[in-house]
Amino acid sequence: MSVETGSPGLKLYNTLTREKEIFVPINPLNVRMYVCGPTVYDFAHIGNARPVIVFDLLYRLLRHLYGTDQVVYVRNVTDVDDKINARAAERGVSIRELTEATLAQYHADIDELGCLRPTHEPRATDYIRRSDGFMDMVTLIEMLIARGHAYVAEGHVLFHVPSMPDYGRLSRRPLDEMIAGARVDVAPYKRDPMDFVLWKPSKANEPAWESPWGPGRPGWHIECSAMSGALLGDVFDIHGGGIDLVFPHHENEIAQSRCAHGTGTLANVWMHNGFLMVEGEKMSKSLGNFVTIREALGDWPGPVVRLNMLKTHYRQPIDWTLKGLEETSRILARWGEAVAADPDAVSSPGEGVLEALCDDLNTPRAIAELYRSEDRPAELAASLRLIGFDPAALVPDASKAGVDEAFVAERIAARLAARRAKDFAEADRIRAELAAAGIVLKDTKDGTDWSVDPTMRGR
Ligand code: AMP
Ligand code: ZN
């Protein structure tokens with residue numbers, strides 16, 4: 001602990017100030033973090049997995065620094081949305097059936113990626129109206145109307161953006177850009193083009209909830225203001241999500257919560273992960289260039305996908321490539337060998353690893369430190385555990401059971417022949433081909449040894 005700040009030296013980049021700052025929790029005995037979760041209408045893609053993995057790492061680090069029971073992590077589930085309505089109608093199932101099935105799939109996927117479940121995982125539909133005194137969306141909207149920040153028009157309730165003088169502080173966009181960026185529908189009942197929906201009437205066949213403004217459903221932004229308020233309070237420590245959420249989603253969450261509660265801030269630190277890219281473009285459902293987490297896990301074990309994500313600093317774009325995944329698979333196999341003698345050894349994570357993570361989650365540096373600790377297996381195992389890997393699950397399987405050993409021997413001989421002929425491209429190709437089949441090669445002075453990558457077993 002640093003004496004001056006009472007903080008263990010964690011620094012985080014804050015989108016609100018555009019600076020890396022020393023993290024000082026409001027209450028170190030109750031560190032609170034909210035991350036915007038998935039809209040559960042379809043399989044999540046590996047771009048969606050990035051914030052899940054990044055904020056899982058932060059959650060693990062906070063628990064390490066402040067204590068396992070001292071950190072509260074909320075990640076919501078958006079289970080009311082136009083895309084959900086459309087998909088349920090298409091499949092002829094109820095909305096609840098669709099969202100339940102999608103959420104179960106989501107959990108199975110991210111469990112495989114080594115992500116801890118958050119402390120609370122509230123569903124938006126459970127926070128529209130409540131009778132137990134927890135904050136809900138209808139109450140929050142009523143507070144905004146009462147304070148003059150929202151108005152009712154043709155069955156809609158809208159947040160009036162000009163009622164908040166410092167609206168736009170997070171995204172720092174000029175007004176004309178915000179108007180364009182908001183992609184707001186031009187609606188005759190809006191007092192200002194930037195005004196956004198808090199509540200809207202439902203059409204026939206659409207799910208509807210009773211409200212003082214007639215049967216309808218909430219806008220997207222109000223969900224997160226209600227759920228974070230209910231579970232973390234009016235002001236909390238960290239709010240996270242992908243960079244695309246800065247505007248308008250997070251800007252609007254801030255406007256709603258601050259104006260309803262009369263506070264100067266919603267979260268002290270705002271963190272945003274960069275995009276996962278495919279051939280220079282953001283992976284997204286709408287561009288159609290996506291690979292679902294499920295598909296990725298069909299080709300690669302969860303730990304490989306997780307480490308591949310952490311190889312790039314969370315604020316940088318990631319280029320998702322086969323070459324990167326192959327290299328990651330080899331690294332993990334090496335670490336598995338390094339800890340093989342005693343993967344459950346109890347030790348402390350490496351100082352260098354911890355320092356790198358405390359520097360705004362500098363995972364590329366942390367990984368470089370892991371390389372350096374390969375000759376200190378107990379420390380390596382502890383560091384791996386800290387960042388969400390089970391060292392025992394990485395240990396190569398000595399049994400070689402179920403492997404076609406003659407085939408492997410033939411491939412090794414072919415690789416040797418290629419190397420003798422100085423065809424290194426072919427030699428590398430064979431190595432990669434075997435790696436993809438879960439066979440890890442190790443060149444020694446006596447020839448080439450091989451083992452089974454345990455994370456690939458059964459594939
Ligand atoms: P959505 O379900 O589209 O609201 O997205 C869920 C989360 O995934 C949000 O935090 C998004 O910012 C994030 N996200 C979506 N696409 C990508 C991408 N290509 N790379 C990184 N994060 C993404
Ligand atoms: Zn949100």
Side-chain angles (χ1 to χ4, degrees), residues 15 33-58 73-84 87 99 102-103 105-106 109-110 113 115 118 120-124 127 137 140 170-171 196 198 218-232 236 238-257 266-267 270-293 296 305-306 308-310 312-321:
T15 308
M33 169 162 87
Y34 185 94
V35 175
C36 296
T39 304
V40 283
Y41 70 103
D42 205 344
F43 288 98
H45 61 64
I46 48 175
N48 301 133
R50 192 171 190 193
V52 184
I53 293 173
V54 163
F55 291 104
D56 176 71
L57 179 68
L58 179 58
Y73 173 23
V74 178
R75 186 184 62 220
N76 73 291
V77 175
T78 295
D79 61 348
V80 45
D81 179 84
D82 288 344
K83 291 188 285 277
I84 294 175
R87 186 60 54 90
T99 59
T102 312
L103 184 58
Q105 180 61 60
Y106 182 76
D109 287 351
I110 61 178
L113 297 176
C115 296
H120 302 284
E121 201 174 32
R123 287 166 151 267
Y127 286 81
M137 299 178 212
L140 204 57
L170 180 71
S171 54
F196 58 88
L198 301 173
W220 172 34
H221 317 303
I222 198 73
E223 293 176 10
C224 289
S225 285
M227 290 183 276
S228 64
L231 295 164
L232 296 178
F236 50 93
I238 299 171
H239 193 309
I243 189 83
D244 53 334
L245 299 187
V246 172
F247 187 84
H249 184 55
H250 289 167
E251 202 73 84
N252 292 350
E253 273 186 43
I254 292 173
Q256 296 160 160
S257 296
L266 170 55
W270 287 78
M271 294 178 65
H272 295 97
N273 64 270
F275 287 137
L276 183 140
M277 315 286 285
V278 191
E279 286 167 27
E281 275 192 302
K282 173 194 171 189
M283 178 174 285
S284 76
K285 282 265 158 71
S286 54
L287 289 173
N289 61 348
F290 63 92
V291 176
T292 62
I293 304 176
V305 175
R306 182 182 178 95
N308 203 53
M309 205 68 91
L310 296 178
T312 306
H313 186 255
Y314 76 93
R315 284 192 281 122
Q316 300 299 319
I318 293 192
D319 211 9
W320 198 256
T321 64

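The basis for the numbers below is simple: all heavy atoms, side chains too, and nothing from hydrogens, waters or symmetry mates. Whatever order the structure lists ligands and atoms in, that order sets their numbers, starting from 1.
Defined by atom type and a distance below 3.5 Å, a donor-acceptor pair is missing between the side-chain atoms of Gln256 and Asn252.
Summarising the geometry of Ile46 relative to Ala296, their closest heavy-atom pair is CG2-CB, 3.6 Å, with the distance given to 0.1 Å. The two residues Gly242 and His272 make their nearest non-hydrogen contact at O-CD2, 3.5 Å.
Annotation: side chain of Asp244 is in contact with side chain of Lys282 (closest heavy-atom distance under 4.5 Å). The shortest side-chain heavy-atom distance between Tyr127 and Met137 falls under the 4.5 Å cut-off. Considering only heavy atoms from C-beta on, Asn308 comes within 4.5 Å of Trp320 through its side chain. Taking 4.5 Å as the limit, every side-chain heavy atom of Ile254 sits out of range of all side-chain heavy atoms of His239. Side-chain atoms of Glu279 and Asn289, non-hydrogen and from C-beta on, never get closer than 4.5 Å to each other. Tyr73 has its side chain within reach of Val35: a pair of non-hydrogen atoms, C-beta onward, lies under 4.5 Å apart.
When hydrogens are left out, the protein atom nearest atom 16 (N) of ligand 1 is His45 CE1, 3.6 Å; that is the closest non-hydrogen contact. Of the protein's non-hydrogen atoms, the one nearest atom 10 (O) of ligand 1 is Gly242 N, 3.1 Å. What sits closest to atom 22 (N) of ligand 1 on the protein, heavy atoms only, is Gly47 O, 3.1 Å.
The shortest separation from a heavy atom of Pro51 to ligand 1 is under 4.0 Å, placing the residue in contact. The closest approach between Gly274 and ligand 1 falls below 4.0 Å for a heavy atom of the residue.
Among the atoms of Gly241, none of the N or O lies under 3.5 angstrom from an N or O of ligand 1. Remark: ligand 1 and Asn48 share an N or O pair separated by less than 3.5 Å (distance only, no angle test). Any N or O atom pair closer than 3.5 Å counts here, and Asp244 shares at least one such pair with ligand 1.
Ring-plane geometry between His221 and Phe196 is classed as perpendicular, the angle between the planes exceeding 60 degrees on a 0 to 90 degree scale with a lower cut at 30.
Once rounded to the nearest 0.5 Å, the distance linking NE2 of His250 with CE of Met271 reads 12.0 Å.
Under 4.0 angstrom from ligand 1, there are no non-hydrogen atoms of Met277. Contact annotation: for Leu245 versus ligand 1, heavy atoms closer than 4.0 Å belong to the side chain alone. The proximity of Asn273 to ligand 1, defined as any non-hydrogen pair under 4.0 Å, is limited to the side chain.
Annotation: protein N, O or S atoms under 2.8 Å of the Zn ion (ligand 2) (waters excluded) comprise Cys36 SG, Cys224 SG, His249 NE2, Glu253 OE2.
Shown in contact with Lys282 at under 4.0 Å from a heavy atom are these atoms of ligand 1, numbered in order with element: 16 (N), 19 (N). In the vicinity of Met283, heavy-atom distances shorter than 4.0 Å reach the ligand 1 atoms 16 (N), 18 (C), 19 (N). Heavy-atom proximity to Leu276, at under 4.0 Å, picks out these atoms of ligand 1: 18 (C), 19 (N), 20 (N), 21 (C). Atom numbering of ligand 1 starts at 1 in the shown order; those under 4.0 Å from a heavy atom of Thr39 are 2 (O).
Under a 3.5 Å cut-off, the side chain of Asn76 and the backbone N or O of Gly37 do form a donor-acceptor pair.
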Review item, side-chain donor-acceptor pairs of residues 47-57, under 3.5 Å, at least two apart:
{"from": "Asn48", "atom 1": "OD1", "to": "His45", "atom 2": "N", "distance (Å)": "3.0"}
{"from": "Arg50", "atom 1": "NH1", "to": "Gly274", "atom 2": "O", "distance (Å)": "2.9"}
{"from": "Arg50", "atom 1": "NH1", "to": "Phe275", "atom 2": "O", "distance (Å)": "3.1"}
{"from": "Arg50", "atom 1": "NH1", "to": "Gln316", "atom 2": "O", "distance (Å)": "2.8"}
{"from": "Arg50", "atom 1": "NH2", "to": "His313", "atom 2": "O", "distance (Å)": "3.0"}
{"from": "Arg50", "atom 1": "NH2", "to": "Tyr314", "atom 2": "O", "distance (Å)": "3.4"}
{"from": "Arg50", "atom 1": "NH2", "to": "Gln316", "atom 2": "O", "distance (Å)": "2.8"}
{"from": "Asp56", "atom 1": "OD1", "to": "Leu116", "atom 2": "N", "distance (Å)": "2.8"}
{"from": "Asp56", "atom 1": "OD2", "to": "Arg60", "atom 2": "NE", "distance (Å)": "2.9"}
{"from": "Asp56", "atom 1": "OD2", "to": "Arg306", "atom 2": "NH1", "distance (Å)": "3.1"}
{"from": "Asp56", "atom 1": "OD2", "to": "Arg306", "atom 2": "NH2", "distance (Å)": "2.8"}

